[in-house]
Student: 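If you scroll down you'll find the structure; I have some questions about it.
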There are 2 protein chains.
Amino acid sequence: MADYRVPREDMQFLLQDVFRVDQDWARFPALNEVDMDMASAIIDEAAKLAEGLIAPHARAADEEGVRFNDSVVTTPANYRENYQQLAAGGWVGVTANPEFGGMGLPKVVSAQYEEMLCAADISFSLYPGLTAGAIITLDAYASDALKQLYLPKMTSGEWTGTMCLTEPHAGTDLGIIRTKAEPQEDGTFAISGTKIFITGGEHDLTDNIVHLVLAKLPDAPAGSKGISLFLVPKFLPDADGNPGERNAVKCGSIEHKMGIHASATCVMNFDGATGWLIGEPHQGLPAMFTMMNYERLGVGIQGLGAAARSYQNALEYAQDRLQGRGAKATRAQDKEADPLIVHGDIRRMLLTMKAFVEGGRAFSTYVGQQLDIAKYSEDAEEKARADALVALLTPIAKAFITDTGFETTVIGQQVFGGHGYVREWGQEQLVRDCRIAQIYEGTNGIQALDLLGRKVAGSRGELVKPLLEDIQALLAEPVAELAAEYEQLGKAVQRTEEVTGQVLQQVAGGDENVINSVAVEYLHLLGYVTYGYLWLRMAKTAQPLVAERPYLASKVKTAKFYMARLLPRVESLAAAIADGSQSLYLHELEDF
Amino acid sequence: MADYRVPREDMQFLLQDVFRVDQDWARFPALNEVDMDMASAIIDEAAKLAEGLIAPHARAADEEGVRFNDSVVTTPANYRENYQQLAAGGWVGVTANPEFGGMGLPKVVSAQYEEMLCAADISFSLYPGLTAGAIITLDAYASDALKQLYLPKMTSGEWTGTMCLTEPHAGTDLGIIRTKAEPQEDGTFAISGTKIFITGGEHDLTDNIVHLVLAKLPDAPAGSKGISLFLVPKFLPDADGNPGERNAVKCGSIEHKMGIHASATCVMNFDGATGWLIGEPHQGLPAMFTMMNYERLGVGIQGLGAAARSYQNALEYAQDRLQGRGAKATRAQDKEADPLIVHGDIRRMLLTMKAFVEGGRAFSTYVGQQLDIAKYSEDAEEKARADALVALLTPIAKAFITDTGFETTVIGQQVFGGHGYVREWGQEQLVRDCRIAQIYEGTNGIQALDLLGRKVAGSRGELVKPLLEDIQALLAEPVAELAAEYEQLGKAVQRTEEVTGQVLQQVAGGDENVINSVAVEYLHLLGYVTYGYLWLRMAKTAQPLVAERPYLASKVKTAKFYMARLLPRVESLAAAIADGSQSLYLHELEDF
């Protein structure tokens, strides 16, 4: 696999020029101390770790994988040392509360750091990634005593965190979980049940692992309103807060998977393990969603990281590999063939990748900025608007960045031809590793259901408005050189409004199936429109800067490519949505 | 992985009702002895092998893979015995010339047999599959002496065949291969060079392996017009025609790949190996294309087989797995959740799979019928028309069936949620195995270039006409119940004509880049239109038969689904094609 190089210029351009995040930081008291120089310095440090420490081991870690023996999980060579080094630098607590030792950095910065880590090695990134999510949940819902005991160790990376939701019979449908929590006399709970697909449920990176576990109290109401959240450490902290007695939770086995071979995906058996309630009884799902929402953008960023890496590799290969002849005027007469990149179809593939990668990076920055506003703004109206945007954009970020990310890695494999199918080049690993991001933390179908059902229909279309306002604000001031592209985006926005109206009408008409019948196409439609918005915004920002920064010329060109070749997908999505649930419910069971 | 069940009813429906292939057989003297009963009996026998012998070992074979040690390749457990049993039944020579022991069956029958084999285990299918291709090439181009010596042993399956094209620096671009053929005094040639990605280049299934090798003679013109084809056996036949002296060709290593782990992908080193010229000097590429064209439909069928298997598994899972609640009216009150199949998004996924699988099966039968007409008809005009259709449809069959097949396997994995990512269920193996079919035997991008460049533009659009005539003939007699669908297909055909005209105009205008810039979208557009044609043809055929065969009701419903949800993709493809090469050539090299 080629060396990974962090796309610093593009990251800088987004923060500094497109989203002007330093203006936010200056306004928000909690972020007063952050400025662009500091952010740049931090990103440079992170880049060094991703490029020099993590990325070089990803290929070997995939081959070696995690090993399981008698409830002990061993991670691949270098994982423990590299994790320790990452933790020592404070990188597990990038966004964590400074009160417990966190860096307290804005999400827009940590999103870029996360992209690097994922591009370097998704498997590795999951250990600190899930810990960061667990920290946020505990910070929001745990008692002060628990926070004091756990958060410093988790923030410093000494202990990692997990989220234990899925059970063999209950994945998407958490309402039917069976894990039980029996109240004990000392105020703790005895947790019993089996959880599966637990990322980092067991490993050898740290001395303790803190599980956040969904379980049902004896008096729990049925369904998803009867789920509580518990903290269950692998080792119970002793009087000094160090790992003491072993808790009754063990790893029963690990999964053998398509990809992320170096990430331990564990079956976890809780056998009367001691746990502490986090938040209120039966309020576990909303609490866990704090973590889930954080993770969902993070999973989107996994798709982005894999896609970005695949693009770098494919571009390098397309420039180096000589194969076939381009148009007569451009032939290298001294060589027996021209580089792949002269061919139209190779360019189509590379530009599709580039448009998705840089579009995805802009999207994760867009969502990150809204998360920062929602968290740090002191203006209630601004905060509410950001909250609404986050609610709308989170499922799109998770599903659309990973769907386009997967498409990107598959294309990146295709550019390599047969070499893309062979393991040593690394392109196929990116496909395998990226694939999980479309599935876990709520499948992309579930994200779509959340978007169209809970968010769009649930608000009778109100939640779409802030996004459309942002887009309309851009469209109101077109750039002459991009007039045609502005018009194309305008049309796509109009289609979005039509289609949204159609769906809401069908819902109002009592069609119970329509939302789940068109949700995925609707999410994709909003995704393409939002990427279109971000591409025009980038192009508009770049244009006056091209003279001083020539590499920005590419932004205007790629925006034109995006509008001509990818945005038109909106049309077929809109046509499919117009069908509603009709053609999906003609079939009786025996007709399948 | 669930048991594989051959879709006999659908296969029968296609042969007997949709394509009426028995009417062809009755007309063609060489196929006089074949009738529907015989074909059915043969397909039933093949189904037993696929279901009972091959399929049960696919999962374990993937885990075990092929092993390499000191130029010896060992295939997984059961492979040798199963191959021997297949060969003993005459199944390697299904389409082969009866003169050398072949069954001489029509392609429409062998296409169904191939689908079963691929659905059962793509890796396994490649050993007999490539042999069948080599047999055809030798039958068409080798001298009588070579035919007598090799074809009986290959047709019986005692010896297997390979095609050796690719070299480390030359994949798509065969014009620059470096393997040399030095004429020897005895009329043979000494072959020297390195070939890579050679499927079945070495293995332990049979006592000899017959390589068909592209190489350059000393006086070869430069480029693709200087390539000759040679037969190079692993063991030189002795006076009795049995494997004798070891030839100077050895396997240097095998590739570690994303999938088809049980297929040996070999680096083959030819070190002055003895070879025999096949066909005329410098005419190796057209000869090899006999094999390639055969293989290309075969590779399309690999995509179909993987997709068909994935659909069966996903359907079974969606019926069994209880998760979440459907519309109120349909809830199973005695269960804590409803089966997945009640959910709109699951239905969307299953029906997309079904539409691609049954559409692909119809497509491979359509192409198979044209191949049979081209080979067996004694009417010159009919033959010429079939040849034209085959030329047009072959690249579409290879690329579109595998692209939609890959999409299908990815969806089939998604239906399983997290369980789709875990190896034991087999869904992820189908994704990995299917992926290669988009890459080898000419990448799908190269297929598209062949279609739009050589076939469509090369004939100034003439070659598209027989396909459009077939479609127009159907459209001329619409079915009342499918009126809307006929209209939709009619519009898509109109788009096809417009788009074809646009591209031809741009070519005529001197745009050297346009073909390679829009070829993939153009191939997909023709693919969607052709599947639309086949779906309406199936629906029209099925409708009057539903009363006696209720399972055919599904054809009409799925045709409606296809038109409403998948055919609209034509619109975005047409929009992208309209852009021509424009947005792909804005970028300078430094802009990527």
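In what follows, every heavy atom counts, from backbone to side chain, and hydrogens, waters and symmetry copies are set aside. Letters A, B, ... are given to chains in the order of the sequence lines, protein chains preceding strands, and every chain is numbered from 1.
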Student: For B:Gln582, I'd like to know if atom CD has over 12 heavy atoms of other residues, nucleotides or ligands within 6.0 Å.
Tutor: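 Incorrect, the count does not exceed 12.
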Student: Do you know which of B:Glu571, B:Glu255, B:Arg348 has the most heavy-atom pairs under 4.5 Å to chain A?
Tutor: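 If we count pairs closer than 4.5 Å to chain A, B:Arg348 comes out on top.
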Student: First locate atom NZ of B:Lys557, then atom CG of B:Leu351, and finally report the distance between them rounded to the nearest 0.5 Å.
Tutor: 10.5 Å
Student: Let me see the working for B:Lys328 and A:Glu512 under salt bridge (charged side-chain N to carboxylate O under 4.0 Å, His left out), right down to the final yes or no.
Tutor: CA-CA 8 Å; B:Lys328 289 190 191 79; A:Glu512 274 191 277; 3.7 Å; yes
Student: Give a yes/no verdict on a cation-pi contact between B:Arg347 and A:Tyr585, requiring under 6.0 Å between NZ or CZ and the six-membered ring centre and an angle within 45° of the axis.
Tutor: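 Flagged: B:Arg347 positioned over aromatic ring of A:Tyr585.
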Student: Quick one: of A:Glu588, A:Met353, A:Glu63, A:Arg321, who has the most non-hydrogen atom pairs under 4.5 Å with chain B?
Tutor: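 Option with the top pair count is A:Arg321.
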Student: At a 4.5 Å cut-off on heavy atoms, which part of B:Leu315 comes close to chain A: side chain, backbone, both, or neither?
Tutor: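 Contact with chain A is through the side chain of B:Leu315 alone.
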Student: Go through the atoms of B:Lys555 and report whether side chain, backbone, both or neither lie under 4.5 Å from a heavy atom of chain A.
Tutor: neither
Student: Name the member of A:Leu322, A:Val570, A:Leu566, A:Val410 that forms the most heavy-atom pairs with chain B at distances under 4.5 Å.
Tutor: A:Val410
Student: Using a cut-off of under 4.5 Å for heavy-atom pairs, which of B:Asp579, B:Asn444, B:Leu589, B:Asp345 has the most such pairs with chain A?
Tutor: B:Asp345
Student: Quick check on the interface: out of B:Tyr440, B:Phe406, B:Tyr551, who has the most heavy-atom pairs with chain A under 4.5 Å?
Tutor: B:Phe406
Student: Under 4.5 Å from any heavy atom of chain A, what part of B:Val518 do you find: side chain, backbone, both or neither?
Tutor: both
Student: Which one wins on heavy-atom pair count under 4.5 Å against chain B: A:Tyr562, A:Phe416, A:Phe592, A:Phe197?
Tutor: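 Max contact count across the listed options: A:Phe592.
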Student: Counting heavy-atom pairs closer than 4.5 Å to chain A, which one of B:Gly171, B:Gly445, B:Pro550, B:Ala448 comes out on top?
Tutor: B:Gly171
Student: Can you tell me which portion of B:Val556 sits under 4.5 Å from chain A's heavy atoms? Options are side chain, backbone, both or neither.
Tutor: neither
Student: Would B:Ser517 and B:Ser581 count as having a side-chain donor-acceptor pair, cut-off 3.5 Å?
Tutor: no
Student: For B:Thr166 and B:Lys195, which I'm curious about, is there any donor-acceptor pair between the side chains at under 3.5 Å?
Tutor: no
Student: Working to the nearest 0.5 Å, report the span between OG1 of A:Thr352 and OH of A:Tyr311.
Tutor: 10.5 Å
Student: Heavy-atom pairs under 4.5 Å with chain B - which of A:Glu590, A:Arg423, A:Met349, A:Glu428 has more of them than the others?
Tutor: A:Arg423
Student: How about A:Met563 and B:Ser583: do any of their side-chain heavy atoms sit closer than 4.5 Å?
Tutor: no
Student: May I ask you to check whether A:Phe561 and B:His587 place their ring centres under 6.0 Å from each other?
Tutor: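 No, the ring centres sit 6.0 Å or more apart.
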Student: Among B:Gln319, B:Arg325, B:Arg432, B:His419, which residue forms the greatest number of heavy-atom pairs with chain A at distances under 4.5 Å?
Tutor: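 If we count pairs closer than 4.5 Å to chain A, B:His419 comes out on top.
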Student: Taking side chain as everything from C-beta outward and backbone as N, CA, C, O, which of these in A:Ile196 sits under 4.5 Å from a heavy atom of chain B? Side chain, backbone, both or neither.
Tutor: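 Interface part for A:Ile196: side chain.
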Student: Counting heavy-atom pairs under 4.5 Å with chain B, which one of A:Glu424, A:Arg569, A:Glu521 comes out on top?
Tutor: A:Glu521
Student: Which one wins on heavy-atom pair count under 4.5 Å against chain B: A:Ala575, A:Gly259, A:Gly420?
Tutor: A:Gly259
Student: Counting heavy-atom pairs under 4.5 Å with chain A, which one of B:Ile439, B:Ile436, B:Ile341 comes out on top?
Tutor: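 Heavy-atom pair counts peak at B:Ile436.
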Student: Of the backbone (N, CA, C, O) and the side chain (C-beta and beyond), which part of B:Ala519 lies under 4.5 Å from a heavy atom of chain A, both, or neither?
Tutor: neither
Student: Heavy-atom distance under 4.5 Å between the side chains of B:Thr443 and B:Gln438, does that happen here?
Tutor: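 No, side chains not in contact.
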Student: Need one label for B:Thr558: side chain, backbone, both or neither, based on atoms under 4.5 Å from any heavy atom in chain A.
Tutor: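 Both the backbone and the side chain of B:Thr558 come within 4.5 Å of chain A.
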